Participant: 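Could you have a look at this structure, given as structure tokens, before my questions?
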Amino acid sequence: MDVGTRFLILSLEGESYAVPITRLLEITVPRGIQRDAKLTEVFEGKIEFRGKWIPVVNVKKIFKLGGKPGAALLVIKGAKGLLGLLVDAVTEIIDTEQKPVPLPKGVMNPTLNYYAGILRHKEGLILLLNEDGLLP
Amino acid sequence: MRNSYLLFLLSDRIFGVRLVGAIEILPWRASRRVPLAYSYVEGLLDYRGIVYPVYNLLQRLNLGRPGPIGFTAEQQSPARTGQSIILLEENKMPFGIVVDSVVKMTSLEDPVSAPGKVRGIDPKFVKGFSYEEDQEIMVLDFERLLHAG
């Protein structure tokens, strides 16, 4: 199977997003998150993962979606190191031959890199997150 | 020169868009929301294999409907029934716009000059005016409208 054709589907406020499975290290529950005053507002805090402290971001806060912090924690391997992502739920893993469709021009400020593209799944559109573009 | 235009109503005004290529008119439907998109982007719509960004033209043109006194008009809730989404393209870029209703397709003289002043609308978004039976039709400049800023 080609690398990058499997995606983890997650939900935020009832809508679906995806991350490439190749970046995923673990799906867990957000337990033992410690506040850290040095981190900015989008971070829920930090968590100990395999003997290391990693920052945890509340993806809903980045996206200004409101609602409670998510109940699932994804640990992903980003370009700048490990990162915890708080999301509402993980729904499924999909295998797809699709190449993500780029986000059309004129939708958002081109300097923002939150999304790596769009996937089609079950009659709907899924936004593929760019895990390296979520943080400034 | 005469060309084909699609006329539509938005906030009690009549607008025209020149028809280039295929168009589709759909009853309003919810688009896939994109967090942190421009405020006038309703979302993305997948239609016949193309992903269209859908623009809330009312918001883009700053023609917000007045809300109750003391409230800011909420864009999502009021009277979506009856509204339409027109799927178009400009410079080969597909996009959709939300309008109150589609009036008709017609052939019009192209607007000759950009107007200096347009009541309530930024003139940079207006190509000019065309006329049909004394009805003034504002022809929008979508190339400018779709560029942020």
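Letters go in sequence order (proteins before strands), and every chain restarts at 1. Note that this is a predicted model, so its numbers are computed, not measured.
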Participant: Given a strict heavy-atom distance threshold of 4.5 Å, which part of B:Phe95 is in contact with chain A: side chain, backbone, both, or neither?
Facilitator: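 Interface part for B:Phe95: neither.
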Participant: Could you look at A:Leu65 and say if it's the side chain, the backbone, both or neither that has a heavy atom under 4.5 Å from chain B?
Facilitator: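 For A:Leu65, side-chain heavy atoms alone lie under 4.5 Å from chain B.
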Participant: Which atoms of A:Glu13 come close to chain B, meaning under 4.5 Å heavy atom to heavy atom: side chain ones, backbone ones, both, or neither?
Facilitator: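 For A:Glu13, heavy atoms of backbone and side chain both lie under 4.5 Å from chain B.
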Participant: Could you walk me through whether A:Leu119 and A:Phe7 pass the side chain to side chain contact (heavy atoms under 4.5 Å, CB included) test, one step at a time?
Facilitator: CA-CA 10 Å; A:Leu119 296 168; A:Phe7 297 93; 3.8 Å; yes
Participant: Quick check: is B:Tyr38 connected to A:Ile62 through a chain of hydrophobic side chains (ILVMFWY, heavy atoms under 4.5 Å apart)?
Facilitator: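 In one cluster: yes.
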Participant: Checking heavy atoms, do the side chain of A:Leu112, its backbone, both or neither come under 4.5 Å from chain B?
Facilitator: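 Answer is side chain: those atoms of A:Leu112 sit under 4.5 Å from chain B.
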Participant: How about A:Arg50: does its CZ atom have over 12 heavy atoms from other parts shown lying under 6.0 Å from it?
Facilitator: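 Above 12, so yes.
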Participant: How are the rings of B:Phe8 and B:Phe15 set to each other: parallel, tilted or perpendicular (split at 30° and 60°)?
Facilitator: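 Parallel, since the angle between the ring planes stays under 30°.
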